[in-house]
There are 2 protein chains.
Amino acid sequence: MSRAAPTGWQAVHDEALRRIQTREWPPGALIPGEEDLAAELGCARATVNRALRELAEAGLLERRRKAGTRVTEVPSRRAQMSISRIAEEIETRGARPGYALIAADDTPMPPARRHALGIGPDTPTRHVEALHLADGAPYVHENRWISLAAMPAAASADFTTMSANEWLLRHAPFSHGTLDYSAAAAGEAASHLGCDAQTPVMVLDRATFGPETPITWVRLTYAPGFHLHMKI
Amino acid sequence: MSRAAPTGWQAVHDEALRRIQTREWPPGALIPGEEDLAAELGCARATVNRALRELAEAGLLERRRKAGTRVTEVPSRRAQMSISRIAEEIETRGARPGYALIAADDTPMPPARRHALGIGPDTPTRHVEALHLADGAPYVHENRWISLAAMPAAASADFTTMSANEWLLRHAPFSHGTLDYSAAAAGEAASHLGCDAQTPVMVLDRATFGPETPITWVRLTYAPGFHLHMKI
DNA sequence: AATGACGTTATGTATAGACATAATACTCCC
DNA sequence: GGGAGTATTATGTCTATACATAACGTCATT
């Protein structure tokens with residue numbers, strides 16, 4: 001009941017964050033209960049709850065019923081990056097996006113990738129290969145298979161002007177997926193990216209699933225110089 | 001007021017998610033207001049608010065005062081990865097973590113990296129070079145500079161048994177930072193990683209800041225075969 | 001026609017009170 | 001002493017109500 005000013009859950013959030021960062025609440029320490037904090041800061045318990053919940057979601061606090069709330073000993077924070085349209089990604093980097101279809105055919109999906117996506121050998125797929133450009137220069141090579149069981153419309157879709165990436169974002173009811181970044185030699189994509197086959201490049205393997213079914217598997221091979229930037 | 005069962009914000013969240021995924025609420029559509037939904041689902045407006053707020057944070061809905069809530073046209077979802085102790089990262093991969101200090105000295109920080117971290121040429125730093133092992137094999141090479149202005153205790157810290165990574169996680173009041181993954185040839189780190197200098201490897205440049213001051217800059221060079229795995 | 005004031009409206013947030021739930025701490029009984 | 005059952009307690013959540021705030025539309029004024 002000492003402080004009068006900081007009402008609002010953000011104010012409570014900031015005040016708690018300050019106490020954590022200044023070690024007024026040291027790592028591992030049990031902090032006052034919601035009721036006490038609400039009384040001290042002059043707000044309702046629900047307000048304190050909202051603030052502390054956000055901090056817990058950020059990994060700075062650990063909350064357990066009955067046991068109370070304590071400051072995380074070794075905070076394992078989450079880094080985030082936004083997954084968006086490749087064209088948008090290129091625009092964000094201040095370049096003019098371009099797109100060129102290389103092939104849209106029925107090249108069979110390799111068994112290893114069928115397994116990664118979780119579809120059987122009989123599920124029909126469509127194969128799309130394309131190149132995305134930034135200011136006219138190769139930006140990323142896209143090599144994709146789409147499950148026609150999940151997206152029958154993909155069989156007749158025209159990928160010459162709209163990339164499969166964007167088409168799927170617009171049409172597929174995607175719910176979750178996995179990303180797998182690795183470093184590799186450019187290999188077969190080298191000719192499209194305008195570099196040597198031995199040049200180290202970033203490779204992204206992505207599997208995407210709808211609420212019920214696997215949708216697509218794609219390998220994106222980025223041109224040399226690509227950086228994956230994230231914030232914590 | 002038709003449905004009786006789904007009380008609880010998670011139920012409302014799931015129901016809204018279902019309507020988005022089934023395109024009962026198609027992309028771009030304006031969905032019913034909180035008041036209406038609360039009446040329909042038989043719960044309080046605050047409960048609907050909580051559910052829709054979560055979906056908005058996940059990037060599936062866009063909410064604006066007065067304008068209402070609409071389904072995101074092209075959802076740009078966020079991928080998450082957890083940043084943790086390197087030892088923990090190795091354990092997660094099912095291996096026994098190991099650590100070997102290579103050097104702890106006063107090697108000056110290169111100007112480019114001083115700039116990336118945002119500290120002037122007069123700020124004293126400490127340099128630490130180390131190798132992290134997984135089941136005895138090289139896992140990642142760590143090359144780090146710590147600002148002694150932010151962390152004076154780092155000047156006398158012993159990094160022979162505890163890595164600088166872990167020491168900082170325990171002692172530095174870190175608030176935010178940037179991650180920058182790229183693919184590169186192993187180069188100077190090759191000898192430590194047991195590979196050729198030309199081998200493509202993943203490189204992570206990380207700058208870490210406290211609430212007020214820059215703390216540390218580190219380059220982690222991962223051994224060949226490393227994959228960065230994320231979920232959406 | 002452009003501009004500015006204002007009312008309307010949907011979301012954002014705060015509150016007090018209540019009940020639910022999980023987990024610890026304790027007690028009782030064997 | 002050990003195990004089962006129970007009381008206690010801190011967080012989790014829901015409700016109803018209220019007010020705050022942003023933004024769109026409208027209407028009047030210049």
Side-chain angles (χ1 to χ4, degrees), chain A residues 1-17 19-20 24-73 75, chain B residues 1-17 19-20 24-73 75:
Chain A
M1 218 173 279
S2 54
R3 294 158 196 276
T7 160
W9 72 266
Q10 285 219 31
V12 176
H13 173 279
D14 293 350
E15 172 62 14
L17 182 59
R19 292 188 188 183
I20 294 167
E24 190 174 325
W25 291 342
L30 194 66
I31 75 170
E34 296 185 347
E35 207 99 50
D36 297 340
L37 275 173
E40 187 203 340
L41 300 171
C43 64
R45 186 171 77 91
T47 306
V48 174
N49 182 283
R50 168 87 191 260
L52 297 188
R53 178 159 45 80
E54 300 261 332
L55 288 168
E57 274 166 18
L60 289 166
L61 293 177
E62 282 168 355
R63 321 196 71 197
R64 287 208 340 268
R65 280 166 156 142
K66 165 73 181 172
T69 302
R70 52 181 69 244
V71 181
T72 308
E73 201 87 41
Chain B
M1 219 173 282
S2 53
R3 295 158 195 278
T7 159
W9 72 267
Q10 285 220 32
V12 176
H13 173 277
D14 292 350
E15 172 61 14
L17 182 59
R19 293 186 187 184
I20 294 167
E24 191 175 323
W25 291 342
L30 194 67
I31 76 171
E34 296 186 347
E35 205 98 49
D36 297 339
L37 275 173
E40 186 203 342
L41 299 172
C43 64
R45 187 171 77 89
T47 307
V48 174
N49 183 282
R50 169 85 191 262
L52 297 188
R53 179 159 44 81
E54 299 261 332
L55 287 168
E57 274 166 17
L60 290 167
L61 293 177
E62 282 168 353
R63 321 196 71 196
R64 288 210 336 270
R65 280 166 153 136
K66 164 73 180 172
T69 302
R70 50 181 72 244
V71 181
T72 309
E73 201 87 44

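Quick note on labels: first sequence line is chain A, next is B, and so on, each numbered from 1.
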Report the distance from atom [atom1] of [X] to atom [atom2] of [N], rounded to the nearest whole Å.
X: A:Glu62; N: C:dA23; atom1: CD; atom2: P; answer: 14 Å
X: B:Glu54; N: D:dT13; atom1: CD; atom2: P; answer: 9 Å
X: B:Arg63; N: C:dT13; atom1: CZ; atom2: C1'; answer: 12 Å
X: A:Arg45; N: C:dA14; atom1: CZ; atom2: P; answer: 15 Å
X: A:Gln10; N: C:dA14; atom1: CD; atom2: P; answer: 9 Å
X: B:Arg70; N: C:dT11; atom1: CZ; atom2: C1'; answer: 14 Å
X: A:Glu34; N: C:dG17; atom1: CD; atom2: C1'; answer: 15 Å
X: B:Lys66; N: D:dA22; atom1: NZ; atom2: C1'; answer: 10 Å

Practice problem: Identify the two heavy atoms, one from B:Thr72 and one from B:Gly59, that lie closest to each other, and give their separation to 0.1 Å. | Solution: OG1-O, 3.0 Å

Quiz item: What are the two closest heavy atoms between B:Val12 and B:Ala51, and how far apart are they?
Solution: CG1-CB, 3.6 Å

Practice problem: Please tell me which of A:Thr69 and B:Ala44 maps to the more 5' nucleotide of DNA chain D, matching each residue to the nucleotide holding its nearest heavy atom. | Solution: A:Thr69

Using only modelled atom types and a 3.5 angstrom limit, is any donor from either the side chain of [X] or the base of [N] paired with an acceptor on the other?
X: A:Arg64; N: D:dT9; result: no
X: B:Arg65; N: C:dT13; result: no
X: A:Arg50; N: D:dG12; result: no

Self-check item: Point-to-point distance, once rounded to the nearest 0.5 Å, from CD of A:Glu34 to OG1 of A:Thr47
Solution: 10.5 Å

Practice problem: With rounding to the nearest 0.5 Å, note down the distance linking CD in A:Glu15 to CG in A:Leu37. | Solution: 9.0 Å

Quiz prompt | D:dT15 OP1/OP2 closer than 4.0 Å to side-chain N/O of B:Thr47 | solution = yes

Exercise. Measure from the side chain of A:Asn49, starting at C-beta and using heavy atoms only, and say which of D:dT11, C:dA14, D:dT15 lies closest.
Key: D:dT11

Exercise. Map B:Gly33 and B:Ala46 onto DNA chain C by nearest heavy atom, then report which one ends up closer to the 5' terminus.
Key: B:Gly33

Exercise. In sequence, state the C-alpha distance, the side-chain angles, and the governing distance for A:Asn49 and A:Arg63, and then conclude on side chain to side chain contact (heavy atoms under 4.5 Å, CB included).
Key: CA-CA 11 Å; A:Asn49 182 283; A:Arg63 321 196 71 197; 3.9 Å; yes

